[in-house]
Amino acid sequence: MFLQSSAVVSPSRWSRPEWLSSPRVLRTEVLAGLVVALALIPEAISFSILAGVDPKIGLFASFTMAVTIAFTGGRPAMISAATGAVALVIAPLARDHGLGYLIAAVILGGLLQVVLALVGVAKLMRFIPRSVMVGFVNALAILIFTAQLPHLIGVPWLVYPLVAVALAVMVLLPKLTNVVPAPLIAIVLLTAVVVIAHLNVPNVGDEGTLPNSLPVPGLPDVPFTLGTLTTIAPYALAVALVGLMESLMTAKLVDDITDTHSNKTRESWGQGVANIVTGFFGGMGGCAMIGQTMINVKASGARTRLSTFLAGVFLLILVVVLGDVVALIPMAALVAVMIIVSVGTFDWHSIAPATLKRMPAGEIIVMLVTVAATLATHNLAIGVVLGVLAAMVIFARRVAHLVEVTSVLDPDGGTRIYHVHGALFFASSNDLVYQFNYADDPEHVVIDMSDAHIWDASSVAALDAITTKYQSRGKRVDIVGLNTASAAFHENLAGKLKVGH
């Protein structure tokens, strides 16, 4: 199905892919896939080292993830491969129990992702506020940039002018032409200069040994016992959750960039299938890579599944067939590409003084919490979770102050009518009981809820407490104006909750 270029495709309806009928689109997709493949190599090697496994484990994972997700994923042009987030999760398992257990955890993690997709986990994306999304993007940009610093510190001085030249090419060349992606030109140019001039600078070959054979499918070398399952289950669940969160957030980001909609449920189970395939081929698992996705979508202009598929194919060809050539690529070129990606990913508008002046303090706090948590843990999933929790707390505090109670006395003096305005839930209903004058009100009290909504049992308990206080003084209370949902909630729980006096 990777032939489809649209974001959401009906399995029963096929359409001619755009790249097949447009040479320009085909060229863009092919070159984008090549650039991404080149950028994936040092990343995959680095993540393999982070996970404590051989570099080929990360490289093969990147190949199988990219190729599989090109068919199964729900977001065209998004790149999935071995990632740092997954590497951090599985590193302790690899260290303590070995590669076999790591691979078994990846396969189980993929199965869990499929299950989570089928139960509708993708729908949770609607609960992620914009401020968390902005913080996620900004934290990602910072992490991409800081990940390049080890390649810029304690290196030969020639690295710096090479990086500067590559940056200049990628900034200036698009002003002249977009026929060939600027990152590819920068990589080829710097490699030619370094090779011809025999410059002694760090290259891809210094990052680790490239494999010289194809990946072979097989079962993980572990005992198939309950003990193995209990050992790998926590890590598999972490792989599933972290992978889904990063992939769905990345898909949403690409949706915004391309002004298209993607199938998040398909993306969720597609990630699971990709991890299952990767595990059976001995890979370390992964998820969507925002850095490489930005290279593909933003820097190279790719929009279809073809670029994702070719990124995996080119990666395998480059490391297995052309490994000796790829090893000569200077790290300065790839560092420059990632710097451009980080600058382009960061939402500079979000920190502009004019924006900060207009933005509510709560929104800024949520963004900062997301960024700070992500940078502190180097885990985008943790940053997103804490950002969402911060947003929930701030929202609850804000809404809690929006409940207002006003009252009028009936002309005959025999009835006091209270009007309740706002959303009633655990935070806003706590003080509701103190808004009524129990001692001085007349014998009949009407509580008008026409402009209110009951959201939880705490609100029903508060209304019960109000009614009880009036009844203890021999006064009658009528609650009127409840909308259909609130009335059903109130009828089901009223009088059945313990009320304090």
Side-chain angles (χ1 to χ4, degrees), residues 2 4-9 17-19 22 24-40 43 62 65-67 69-71 73-81 83 125 133-134 136-138 140-141 143-145 170-171 173-174 178-187 246-264 266-267 270-271 274 286-315 334 336-348 380:
F2 81 94
Q4 299 291 337
S5 60
S6 58
V8 181
V9 180
E18 186 181 0
W19 56 264
S22 171
R24 180 184 60 80
V25 173
L26 177 60
R27 182 185 66 243
T28 298
E29 300 298 312
V30 171
L31 295 178
L34 179 57
V35 173
V36 170
L38 291 170
L40 277 173
E43 295 278 311
S62 295
M65 286 292 298
V67 169
I69 205 68
F71 291 89
R75 173 62 264 178
M78 192 165 77
I79 303 298
S80 291
T83 58
M125 283 297 295
M133 190 68 188
V134 172
F136 169 80
V137 169
N138 289 347
L140 169 71
L143 286 177
I144 292 174
F145 180 80
M170 286 183 284
V171 170
L173 184 62
N178 287 311
V179 173
V180 180
L184 180 58
I185 295 295
I187 292 171
E246 292 211 19
S247 298
L248 292 176
M249 292 289 285
T250 305
K252 189 175 187 302
L253 178 60
V254 178
D255 288 353
D256 294 338
I257 292 173
T258 61
D259 291 325
T260 58
H261 177 68
S262 59
N263 188 330
K264 304 299 190 301
R266 176 174 171 176
E267 183 61 39
Q271 289 289 332
C287 60
M289 297 189 74
I290 302 189
Q292 273 65 25
T293 297
M294 290 300 99
I295 293 175
N296 196 44
V297 174
K298 239 183 171 181
S300 303
R303 291 293 182 271
T304 79
R305 298 175 186 275
L306 181 63
S307 58
T308 305
F309 175 77
L310 290 179
V313 173
F314 284 147
L315 171 66
L334 300 177
V337 171
M338 298 311 292
I339 290 175
I340 290 293
V341 168
S342 68
V343 172
T345 301
F346 196 91
D347 186 351
W348 297 99
L380 291 163

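Rounding to the nearest 0.5 Å places OG1 of Thr308 at 5.5 Å from CG of Asn296. Taken to the nearest 0.5 Å, the OG1 atom of Thr250 stands 3.0 Å off from the CD1 atom of Ile290. The line from CD of Glu43 to CD of Gln292 is 5.0 Å long, rounded to the nearest 0.5 Å. Remark: Phe314 CZ to Leu31 CG distance equals 8.0 Å, nearest 0.5 Å. Atom CG of residue Leu40 and atom CD1 of residue Ile295 lie 8.0 Å apart, to the nearest 0.5 angstrom. Atom CD1 of Ile187 is separated from atom CG of Leu38 by 4.5 Å, given to the nearest 0.5 angstrom.
Residues Arg75 and Thr260 meet the side-chain proximity criterion, which asks for heavy atoms closer than 4.5 Å. Under the 4.5 Å side-chain criterion, counting only non-hydrogen atoms from C-beta, Val25 is not in contact with Leu306. In this structure, the side chains of Ile257 and Met294 come closer than 4.5 Å at one or more pairs of heavy atoms. Between Leu253 and Met133, some side-chain heavy-atom pair lies under the 4.5 Å cut-off.
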**Request:** List the steps and the verdict of side-chain contact (heavy atoms from CB on, under 4.5 Å) for Arg303 and Thr258.
**Result:** CA-CA 8 Å; Arg303 291 293 182 271; Thr258 61; 3.5 Å; yes
**Message:** Let's go through Leu34 and Leu310 carefully: what are the C-alpha distance in whole Å and the side-chain angles of both, what is the deciding distance for side-chain contact (heavy atoms from CB on, under 4.5 Å) to 0.1 Å, and is it a yes or a no?
**Reply:** CA-CA 7 Å; Leu34 179 57; Leu310 290 179; over 6 Å; no
**Request:** Before giving the answer on side-chain contact (heavy atoms from CB on, under 4.5 Å), spell out for Gln271 and Met65 the whole-Å C-alpha distance, their side-chain angles and the decisive distance to 0.1 Å.
**Result:** CA-CA 8 Å; Gln271 289 289 332; Met65 286 292 298; 3.7 Å; yes
**Request:** Starting from the C-alpha separation in whole Å, work towards a yes-or-no answer on side-chain contact (heavy atoms from CB on, under 4.5 Å) for Asp255 and Lys264.
**Result:** CA-CA 11 Å; Asp255 288 353; Lys264 304 299 190 301; 2.5 Å; yes
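The minimum heavy-atom distance linking Ile144 with Gly291 is given by the pair CD1-CA, 3.8 Å. What you find for Ala77 and Thr293 is that their closest heavy atoms are O-CG2, 4.3 Å.
Ser247 and Glu267 form no side-chain donor-acceptor contact under 3.5 Å, judged by distance and modelled atom types alone.
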